[in-house]
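Numbered from 1 within each chain, the chains take letters A, B, ... in sequence-line order. Worth saying up front: this structure is predicted, and the values here are computed from it rather than measured.
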2 protein chains.
Amino acid sequence: MDDDGSMTRGRATAEMVAQRAKVSRVAVSRAFNPHTSLKPEKRELILRIAQELNYTPDRAARALVSGRSHLVGVIVPDVCSHWESQEIDALTTALQNEGFATLLFKTRTDYSMDEKLLAYMRGFNPDSVIAFVENVKPTTLARFLDRAVPIYVHYPHPGSVDNGDTGPLHDRLNVLQRAGVEQAVALLQGYGARRIAYVSGVSKSRANTAREQMLRTVMAERGLPPPIIAPSDYSYDKAYAATLDLFRLGAGADAIFAANDVGAFGVLDALRHELGLRVPEDVKVVGFDDIAQSHWKSYNLTTVKFDLEERVRALVRLILRRLNNPEAPALQETLQTRLVVRGTVG
Amino acid sequence: MDDDGSMTRGRATAEMVAQRAKVSRVAVSRAFNPHTSLKPEKRELILRIAQELNYTPDRAARALVSGRSHLVGVIVPDVCSHWESQEIDALTTALQNEGFATLLFKTRTDYSMDEKLLAYMRGFNPDSVIAFVENVKPTTLARFLDRAVPIYVHYPHPGSVDNGDTGPLHDRLNVLQRAGVEQAVALLQGYGARRIAYVSGVSKSRANTAREQMLRTVMAERGLPPPIIAPSDYSYDKAYAATLDLFRLGAGADAIFAANDVGAFGVLDALRHELGLRVPEDVKVVGFDDIAQSHWKSYNLTTVKFDLEERVRALVRLILRRLNNPEAPALQETLQTRLVVRGTVG
DNA sequence: ACGGAAAGTGAAAACGTGTTCATTCTTGGT
DNA sequence: ACCAAGAATGAACACGTTTTCACTTTCCGT
């Protein structure tokens, strides 16, 4: 349907644009790359013809020569998990605005990282990798990601090894949980709570360890007995069951911390709909995350908030900085937390 | 750190593997592609050395020559939306098992599709595209996706133009909603409900139109007055507000259909926590989707179920069939729905 | 008008792989 | 032991870009 001599099936190529615009193929390349010298009117002509032909530079070819795929790999155990789906959503938007795309991979739900997946992902040449899976050793990750830039999310807490952990050579996002936990414990204590339980996340996950340790430390500082640990795995169902066990097999509690908001929902439903307890009158409940669902009326959860937007901005900032300057010294970003008070306490 | 002469920074190349294995570079290529003739012991040797060197064929180079990127683009207005996050999750798992990866793109939340995004995505050369955005015209999509295979999800309903709609030339997944809607309406009618409202989804979305039309038709067939339409947009907050309007500005209803489960949660919370009505005694509620949250005790929602696993299997089957045989005639897959009865009716 | 610097230009090389096509090696049957 | 057939092999080309490097043109100050 074109008057060009060579009409290959599929997309237009730089050669075709050049031919039709009576310029060299190099000029076409330059027209699409800023910071190259090309006569403005010529660039304009080329871009117009390119649009006519529906031409876009082939990213595979571009990646091959430039070494940049403009892909960011995201490894996640469970896309549906509310916090993670919200983080992926925000991340995708931010990356899209910077000319990147999100490449999604799923790993096992027990938060373990398998090497086959890493090798698989590596084949796609991501420029950077964000691993929400937390128990992979940085050295393992680095070994499998030759050129890609890995980003670590770290939760400093009493007892964590600070720099031997991820190593001083890697960029890192530090999430400081102390402020939010202190506010929550102070509030609970103010209402007279003393027997405080912790419905955990996946025990191997770093976020869970950090939360439990921080809670233990803060409670000790305020003269409270150590928290009663109810093992769970971040899921609604397991948290629900753990709560039943806590009250039926154990001695119950005045207040319950859940490792995440979804777990807190399970706790709430178990308390109200199966154990016949009132919240917050009989038991007080606090979560972690502040996902969008936490303000829903059925739950209306008091929770330790992580600022998602700020977190994603920090992640993207780290990625872009590192990509623009691969040899720069390790960078760190820091994030605070705070308590959002709603109806499950007080 | 290697005894090889040329030590380029970054990943190993086929040339290095060949050099070290004392074979030609072509042999290395063959070792990684099945259905090629290569002496078994030689292939074994090459693969072993490749593993030692941590070598994997570069997908960018492979894509350039083969024309296959092994990427599947997924366009979505909102990753956090529960149904969609669950679909993305299942899709990613299935694609990963077939050697593909999910490439995620976000569009505006009003379900409109903009051409800039399509052009942007096209640059990444996806082999196939699944558009959950429903109001894009197939011709528009096709024009922007030269080589990629688009897959359409279609919701046939009374009044929909069947083949002029997506065209007979495109693969299609048909989701038949009649069975589930009929079961739901019959159940409601059995309990004496007569004034039935529909809290809608985004009005421009095809799924919403299909659901509303199907509901209207089924209700008419059973001698019920037409549904009261409460405009909403699939979100919890909007459904919540729409329900308040329905009862405060309007005349209320015996039963409420929500266009999706998340919307139904908003309806439930508005009824119970703001209007002081009991469910199911005063008002009965039915949703669409059957997402994982619908069995949570606080909601325990009766809903029209879409079988997610089956749906994803069908989508992947369509994609792979088309990729293996680009010239095959258009394929269609069909999916049924059914009612899942829980606590919000009866 | 002249010299030189700056900007614009195109030919050719590179990126890492799959594929085609002759050529060489192995194998089995007579 | 010989011939033919089939398998295994490697050289060369192709894929669509970006980049480097000379080369040519344009521009400005004296």
Side-chain angles (χ1 to χ4, degrees), chain A residues 4 6-46 50 53-71 99 122-125 127 146-147, chain B residues 4 6-47 50 53-70 99 122-125 127 146-147:
Chain A
D4 281 329
S6 66
M7 186 57 201
T8 65
R9 169 163 342 273
R11 52 190 303 163
T13 163
E15 185 62 46
M16 302 182 197
V17 177
Q19 220 165 307
R20 185 184 270 234
K22 313 285 188 194
V23 298
S24 83
R25 192 170 45 73
V26 183
V28 177
S29 171
R30 278 200 253 267
F32 277 88
N33 292 52
H35 310 303
T36 53
S37 63
L38 189 67
K39 206 186 289 184
E41 52 189 26
K42 199 169 191 174
R43 164 167 286 152
E44 203 176 328
L45 168 71
I46 293 177
L53 261 53
N54 216 354
Y55 166 81
T56 304
D58 185 331
R59 277 193 128 104
R62 184 180 265 190
L64 187 58
V65 55
S66 72
R68 286 278 166 84
S69 64
H70 285 247
L71 297 173
R122 197 177 65 110
F124 287 94
N125 280 338
D127 287 341
D146 23 50
R147 204 195 56 228
Chain B
D4 281 330
S6 67
M7 187 58 199
T8 64
R9 168 165 338 276
R11 53 189 301 164
T13 162
E15 186 63 47
M16 301 184 196
V17 177
Q19 218 165 308
R20 184 183 267 234
K22 314 283 188 198
V23 298
S24 82
R25 194 184 52 72
V26 183
V28 178
S29 170
R30 279 199 252 267
F32 278 88
N33 291 51
H35 310 304
T36 53
S37 63
L38 188 67
K39 207 187 287 182
E41 52 189 25
K42 199 168 192 176
R43 163 167 286 151
E44 203 175 330
L45 167 71
I46 293 178
L47 289 180
L53 260 52
N54 216 355
Y55 167 81
T56 305
D58 185 330
R59 277 195 129 104
R62 187 180 261 191
L64 186 58
V65 56
S66 73
R68 287 279 166 87
S69 63
H70 285 249
R122 196 177 68 112
F124 287 93
N125 279 339
D127 287 342
D146 22 50
R147 203 195 57 226

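For A/R68 and C/dC15, the CZ to P distance is 17 Å, given to the nearest whole Å. Rounded to whole Å, atom P of C/dG8 lies 15 Å from atom CG of A/N33. Between the NE2 atom of A/H70 and the P atom of D/dT17 there is a distance of 15 Å, rounded to whole Å. Straight-line distance from the CG atom of B/L45 to the C1' atom of D/dA8: 15 Å, rounded to whole Å. Rounded to whole Å, the distance from NZ on B/K22 to C1' on D/dA8 is 21 Å. As a whole-Å value, the separation of A/R59 CZ from D/dT17 P is 12 Å. In this structure, B/M16 places its CE atom 12 Å from C1' of C/dC15, rounding to the nearest Å. The separation between A/F32 atom CZ and D/dT19 atom P is 15 Å, rounded to whole Å.
Considering B/E15, B/K22, B/M16 as possible partners of B/Q19, the one that fulfils the side chain to side chain contact (heavy atoms under 4.5 Å, CB included) test is B/E15.
Within the 3.5 Å criterion, the main-chain N or O of A/N54 finds a donor-acceptor partner in the side chain of B/R122. Side chain of B/R30 to backbone of B/R43: no donor-acceptor contact under 3.5 angstrom is found. When atom types are taken as modelled, the side chain of B/R62 and the backbone of B/R68 share no donor-acceptor pair closer than 3.5 angstrom.
Judged by distance alone, with hydrogens and angles left aside, B/R25 brings a side-chain donor or acceptor within reach of the base of C/dG18, the pair sitting under 3.5 Å.
If you find the closest nucleotide of DNA chain D to B/A27 and to B/V65, the one lying nearer the 5' end belongs to B/A27.
Checking C/dA14, C/dT17, D/dT9 against the side-chain heavy atoms of B/A14 singles out C/dT17 as nearest. Listed nucleotides C/dG16, D/dT17, C/dG10 differ in distance to B/D58; the shortest reach to its side chain belongs to C/dG16. In the set D/dT17, C/dT9, D/dA12, C/dT9 carries the atom at the smallest distance from any side-chain atom of A/K42. The side chain of A/A61 approaches D/dG16 more closely than any other nucleotide in the set C/dG18, D/dG10, D/dG16. Closest approach to the A/R62 side chain among D/dT17, C/dA12, C/dG18 is made by D/dT17 (side chain taken as heavy atoms from C-beta onward).
Nucleic acid contact for B/Y55: sugar-phosphate only, since backbone atoms but no base atoms lie under 4.0 Å from a heavy atom of the residue. Residue contacts for B/R30: at a heavy-atom cut-off of 4.0 Å it reaches a base atom on one of the strands shown.
OP1 and OP2 of D/dT25 both lie 4.0 Å or more from every side-chain N or O belonging to A/K39. Note on A/T13: a side-chain N or O is less than 4.0 Å away from OP1 or OP2 of D/dT17. At least one side-chain nitrogen or oxygen of B/S29 sits closer than 4.0 Å to the OP1 or OP2 atom of C/dG18.
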TODO: Let me see the working for B/V17 and B/I46 under side chain to side chain contact (heavy atoms under 4.5 Å, CB included), right down to the final yes or no.
DONE: CA-CA 7 Å; B/V17 177; B/I46 293 178; 4.2 Å; yes

